[in-house]
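Inspection log for the structure reproduced underneath, given as structure tokens.
Values reported hereafter were calculated over all heavy atoms of this structure, with side chains retained and with hydrogens, waters and symmetry mates removed. Source: prediction; values computed, not measured. Per chain, numbering begins at 1; letters A, B, ... match sequence-line order.
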Amino acid sequence: MANREPEKYNYTPLADAVMCLEQKVNFYGVVAEYEQPKPTRGRDYLCTMTVIDMSYNSPGLRVLYFAPDVDMMPRVKDLGDVIRFHRVQMKSHADAPQAIGNPKKGSSFVLLRGCEGDDYVPYHKSHSNFTMEASDRNIVGLLRMWASSHPIDTLAGTNKYMKQIKDVNVDSYFDLCCKILFVNDQSAEHSVIIYVWDGTDASPACLNPLEQSENGDPGQDLWSSKELAVPVDVMRGFPALGTVLPLVPFGMPEDDFGPQLPLAGDWVKLRNIGCRVRKGLYEGVTYHGSKIGILSPSAQAVQNCERAYEERLTSEALRLPHWCPKPPQSMLVTGYDHCKLSTLREVLTYPQVTYKFRCMVRVMATWPSDVLDFCVPHDGSAAQPKDHLEQGDFVYVVRLTLEDPTARLHAFLYGQDAVEFFVGYPAANLRRQGDTVGALKRKVDRLLGVSEHGPPNPPWVTCCLKSYYLDKEHPQETRRYRVFGTRFPG
DNA sequence: TTTTGGGG
């Protein structure tokens, strides 16, 4: 075996390969589309791509590569890379040619970078021995030169399934062109969440009725600000605007290198994904029909996202949440109207812990949920029977769950700030103040957008927030937020 | 030995 003459391979231009129906062929191509390995309904994994060369530039040749293990799949790093296949079977489907690769039937591949001047050492290959003769280097060099003058773009174009994050809903499957901001890989728990972004704002989600009914205490758990959130130090690297959508990659395989997923910073085309609501927030999900394709940063779709976001950043009007009325209205009145609005992500990631902000938000919930419990006795008087306490002995302690397209956070309405907020209703023993309770309840219902018919739909309101800490030694870890300088007249 | 998926 060792001294056998190396096999001479004949490489077929793609235009000729597509004529070789039912034959096995060898060819080189430039990767124009690549979708990551995913399980099939059968026993194998499947990875798909489109390859092109100077003889077959458009629409290119689809390649389906089946293998029993994800480790045997080509892992294309970037579109524009050069791939070589041996012994792939030419087929036809729906009048279009396609090549079927399968290592069990003798197929093999090598992958090389697509940049001109790069070396001829494959960065990934299906087998440890491979040929790379002068004639191979010649073909690779020619392909690289050709590809450098033929930017890969057209294939990442739009289609009728394409959506932006601002348009996602739970009713249909869709495609998304987006940037991976963070891959939270809890391998020990076999749970991975990918956080994606396209610079637009998701619409306010309606609470999932299933979740509501299965939750005994919606006030606490449903409005957790932590569940789907990312650590603040990670969030600090995120753009200031736009929804970051969690994506649960159900069924996507892992290999020795970890999950076969894109890395933070990559642009991807998520194909045929679904969406659901968890804890009142949208969350993307893959299913067996979904695919994750990589995108080149130079792709038109990527450029469009980045250009639109740049424009958004520089415009006061476009910085506002996409779904809030324009011009903005607010049933809450704040001072500091000259201050620019901050997103909740900016609030959460601000480097200084004591700071003041003005935000455009929706109030999703209060805690306690019952207005009757909004006031508590002052410290030290808690042990006394409440009925004997006077009005001045009480203080407002209410936690608001605030939301905007970028984040959710909890802010406290406390003490004098709360008295100013509720305008005309000082803190009191609310169990002895029926009129006050009724008035407060009406205000809170308006704030929460409670309606007799249908789910609550909180209006957009401006409010001022200040951050503070509980422990001077650990300001970042004990950061809290309070509403201040905000009034709810009427 | 010859699926699976092949855009919905």
Please state how far atom [atom1] in [X] lies from atom [atom2] in [N], giving the value in whole angstrom units.
| X | N | atom1 | atom2 | result |
| --- | --- | --- | --- | --- |
| A/Glu33 | B/dG6 | CD | P | 12 Å |
| A/Asn102 | B/dT3 | CG | P | 9 Å |
| A/Arg43 | B/dT1 | CZ | P | 15 Å |
| A/Tyr65 | B/dG5 | OH | C1' | 16 Å |
| A/Gln23 | B/dT2 | CD | C1' | 18 Å |
| A/Lys91 | B/dT4 | NZ | C1' | 12 Å |
| A/Asp171 | B/dG8 | CG | P | 21 Å |
| A/Gln89 | B/dT3 | CD | C1' | 14 Å |

inquiry  = Counting distance alone, no hydrogens or angles: does the base of B/dG5 have a donor or acceptor under 3.5 Å from a partner atom on the side chain of A/Asp44?
reply    =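 No pair found.
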Donor-acceptor pair present, A/Tyr173 side chain and B/dG8 base, under 3.5 Å =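 Counting by modelled atom types and ignoring angles, no donor-acceptor contact under 3.5 Å is found here.
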ask   = With stacking defined as ring centroids separated by under 5.5 Å and planes differing by under 30°, is A/Phe66 stacked against B/dT3?
value =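 Answer is no, no stack.
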Any side-chain donor-acceptor pair under 3.5 Å between [X] and [Y]?
| X | Y | answer |
| --- | --- | --- |
| A/Asp136 | A/Tyr28 | yes |
| A/Gln164 | A/Thr200 | no |
| A/Ser108 | A/Lys125 | no |

Does a nitrogen or oxygen in the side chain of [X] sit under 4.0 Å from OP1 or OP2 of [N]?
| X | N | answer |
| --- | --- | --- |
| A/Arg271 | B/dG8 | no |
| A/Lys104 | B/dT4 | no |
| A/Arg62 | B/dG7 | yes |

inquiry  = Tell me whether A/Met331 at atom CE has more than 12 heavy atoms from other residues, nucleotides or ligands lying less than 6.0 Å away.
reply    =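 More than 12 heavy atoms, drawn from other residues, nucleotides or ligands, come within 6.0 Å of this atom.
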Of the nucleotides [options], which has the atom closest to the [X] side chain?
| X | options | answer |
| --- | --- | --- |
| A/Asn272 | B/dT3, B/dG6, B/dG7 | B/dG7 |
| A/His93 | B/dG5, B/dG6, B/dG8 | B/dG6 |
| A/Asn159 | B/dT4, B/dG8, B/dG6 | B/dG8 |
| A/Ile100 | B/dT3, B/dG7, B/dG5 | B/dG5 |

query = NA contact type, A/Tyr287, heavy-atom cut-off 4.0 Å: base, sugar-phosphate, or nothing?
reply =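 Answer is nothing: A/Tyr287 stays at 4.0 Å or more from every strand.
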task = Give A/Leu64 one of three labels, base, sugar-phosphate or nothing, depending on what nucleic acid heavy atoms sit under 4.0 Å from its own.
result =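 Base contact - A/Leu64 has a heavy atom under 4.0 Å of at least one base atom.
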ask   = When the ring centroid of A/Phe27 is compared with that of A/His86, is the distance short of 6.0 Å?
value =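 Aromatic pair excluded; centres sit 6.0 Å or further apart.
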inquiry  = Using every non-hydrogen atom in the two residues, find where A/Cys20 and A/Val25 come nearest and quote the distance to one decimal.
reply    =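 So the minimum-distance heavy-atom pair works out to CB-CG1, 3.8 Å.
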query = If the P atom of B/dG8 is compared with that of B/dT4, how far apart are they to the nearest Å?
reply =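 That atom pair is separated by 15 Å.
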